[in-house]
Amino acid sequence: MTYTWNQRGDQSILPLLRTFVRLLKHFYGIKIAVQGSENLNMKEPYVMVCNHQTYLDLLGMMEILPDRCVPVAKRELLYVGLLGHACWLSGMIFIDRRKKEEAREILRQAAQSMWRENMRIWVYPEGTRNKGKTLLPFKRGAFHLAVQAQVPIVPVVISSYRDFYCSKEKRFTAGNLTIRILPKVDTKDLGPGDIPALTESIHERMQDTYNEICGETSKGKDAKP
């Protein structure tokens with residue numbers, strides 16, 4: 001089975017999961033500054049796309065995750081003990097990246113549900129973790145989803161963890177993190193033929209933002225907890 005989606009998931013579990021994960025930032029000594037939170041002041045459905053670096057991205061995601069927002073995650077997370085079980089119960093969408101056709105089918109189902117259930121969906125369009133300074137090329141599933149559902153795309157960029165975390169060096173200290181939420185990108189009246197240019201445009205904006213906030217984070221030490 002390529003995908004797993006508990007479409008009857010209990011959305012009341014997500015706030016509990018969010019609260020638990022947020023506590024971890026205090027345990028690890030990570031101060032998170034959020035910029036552009038006003039860009040999430042929307043009542044309609046939308047797709048959020050975010051860069052993906054490490055498992056620590058869960059801290060950033062839960063810091064800003066809106067109500068009725070369902071993250072898309074790789075299927076392996078489903079087997080991470082109580083966390084995986086909680087994610088399943090909350091209605092999180094799990095996708096096996098190795099089988100693209102069936103993965104597209106679950107995203108098609110999600111597109112049909114977005115307006116009916118006023119859903120928001122969070123996607124990591126790079127498709128895998130990336131510790132480099134340059135974002136990987138984006139896979140187009142999230143953009144097909146947004147265009148098919150005719151909902152806006154909200155880009156989110158998380159700064160680098162390099163100053164305080166490195167798995168190879170077994171280094172994990174307290175540090176600062178910046179999350180910038182960019183203004184929405186409309187998909188109204190766009191069709192399949194517009195998706196390549198849409199994907200590239202958002203990739204470029206997110207790369208420029210990543211470069212900018214990484215510089216700010218390394219200089220500043222006053223991120224708000």
Side-chain angles (χ1 to χ4, degrees), residues 2-3 5 7 9 11 34-53 57 60-61 64-74 91-130 134-158 179-213:
T2 299
Y3 56 81
W5 184 20
Q7 297 188 52
Q11 283 288 307
V34 178
Q35 304 171 351
S37 56
E38 68 277 4
N39 292 318
L40 293 181
N41 293 335
M42 293 183 285
K43 295 182 179 179
E44 70 267 28
Y46 48 86
V47 174
M48 303 180 74
V49 292
C50 183
N51 59 313
H52 191 20
Q53 301 173 77
D57 291 334
M61 179 176 72
I64 66 170
L65 192 73
D67 292 336
R68 302 198 60 76
C69 186
V70 179
V72 175
K74 60 183 181 180
M92 189 176 290
I93 301 171
F94 296 95
I95 290 181
D96 186 338
R97 296 169 298 177
R98 295 170 297 180
K99 298 179 181 178
K100 297 180 180 179
E101 288 303 319
E102 293 181 19
R104 289 193 187 104
E105 171 60 20
I106 192 61
L107 291 179
R108 186 190 64 79
Q109 294 178 25
Q112 293 176 346
S113 300
M114 291 189 76
W115 283 105
R116 184 176 66 247
E117 301 179 21
N118 192 25
M119 285 173 52
R120 293 93 191 214
I121 295 183
W122 179 294
V123 183
Y124 293 108
E126 291 173 281
T128 189
R129 287 174 289 187
N130 171 33
T134 302
L135 303 186
L136 296 175
F138 286 172
K139 299 184 183 303
R140 295 177 182 171
F143 306 93
H144 278 282
L145 170 63
V147 168
Q148 183 176 351
Q150 291 288 279
V151 298
I153 298 171
V154 179
V156 176
V157 184
I158 301 176
I179 304 172
R180 183 175 295 177
I181 305 163
L182 303 182
K184 70 178 182 180
V185 178
D186 257 324
T187 64
K188 187 177 180 181
D189 297 327
L190 296 185
D194 300 302
I195 290 173
L198 175 68
T199 305
E200 184 58 34
S201 172
I202 292 178
H203 184 281
E204 185 176 338
R205 288 179 61 193
M206 291 178 65
Q207 181 66 64
D208 290 345
T209 301
Y210 179 78
N211 296 340
E212 182 179 343
I213 65 175

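No experiment lies behind these values; they were computed from the predicted model shown.
- A heavy-atom distance below 4.5 Å is not found between the side chains of Val147 and Asp194.
- Nearest heavy-atom pair across Pro66 and Cys69 is O-CB, 3.3 Å.
- With contacts defined as side-chain heavy-atom distances shorter than 4.5 Å, the pair Leu65/Met61 qualifies.
- Pro71 places none of its side-chain heavy atoms less than 4.5 Å from the side chain of Met48.
- Nearest heavy-atom pair, Ile181 versus Gly36, reported as atom, atom and distance to 0.1 Å: CB-O, 3.4 Å.
- A distance-only check finds a donor-acceptor pair linking the side chain of His203 to the backbone of Leu136 [under 3.5 Å].
- Closest approach of Arg205 and Leu182 over heavy atoms only: NH2-CB, 3.9 Å.
- Rounding to the nearest 0.5 Å gives a distance of 14.0 Å between NE2 of His144 and CZ of Arg108.
- Checking side-chain atoms of Trp115 against main-chain N and O of Ala149 turns up a donor-acceptor pair under 3.5 Å.
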TODO: Assess whether side chain to side chain contact (heavy atoms under 4.5 Å, CB included) is satisfied between Val47 and Thr187, documenting all intermediate values.
DONE: CA-CA 10 Å; Val47 174; Thr187 64; over 6 Å; no
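- Under the 3.5 Å distance criterion, the side-chain polar atoms of Glu126 are left unmatched by any main-chain donor or acceptor of Cys50.
- A distance of 6.0 Å separates CG of Leu198 from CG of Leu190, quoted to the nearest 0.5 Å.
- Nearest heavy atoms, Leu135 versus Gln207: N-OE1, 2.7 Å.
- Of the possible donor and acceptor atoms, none in the side chain of Arg68 sits under 3.5 Å from a partner among the backbone N and O of Arg120.
- Here Leu145 contributes atom CG and Arg140 contributes atom CZ; the two are 15.5 Å apart, rounded to the nearest 0.5 Å.
- Using modelled atom types, one side-chain atom of Asn130 and one backbone atom of Thr134 make a donor-acceptor pair closer than 3.5 Å.
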Open item on the list: Evaluate Lys139 against Val123 for side chain to side chain contact (heavy atoms under 4.5 Å, CB included), listing each step before the verdict.
Closed with: CA-CA 10 Å; Lys139 299 184 183 303; Val123 183; over 6 Å; no
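- Gln35 is listed as a side-chain neighbour of Ile213, based on a closest heavy-atom distance under 4.5 Å.
- In this structure, the side chain of Gln53 engages the main chain of Ile158 through a donor-acceptor pair within 3.5 Å.
- The minimum heavy-atom distance between Ala146 and Ile153, with the atom names listed, is CB-CG1, 3.4 Å.
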Open item on the list: Would Ile64 and Trp122 count as a side chain to side chain contact (heavy atoms under 4.5 Å, CB included) here? Give the steps.
Closed with: CA-CA 11 Å; Ile64 66 170; Trp122 179 294; 3.8 Å; yes
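- Summarising the geometry, atom OG1 belonging to Thr199 is positioned 4.5 Å from atom CZ belonging to Phe143; distances are rounded to the nearest 0.5 Å.
- In this structure, Glu117 contributes its side chain and Met114 its backbone to no donor-acceptor pair below 3.5 Å.
- Of the possible polar contacts, none joining the Asn211 side chain to the Asp208 backbone as a donor-acceptor pair under 3.5 Å is found.
- Nearest heavy atom pair, residue Asp189 against residue Gln150, reads N-OE1, 2.7 Å.
- Side-chain contact between Pro152 and Glu44 is present, with at least one heavy-atom pair separated by less than 4.5 Å.
- Between atom NZ of residue Lys184 and atom CG of residue Asn41 there is a gap of 11.0 Å, rounded to the nearest 0.5 Å.
- Proximity of a side-chain donor or acceptor of Ser201 to a complementary backbone N or O of Ala197 within less than 3.5 Å is not detected.
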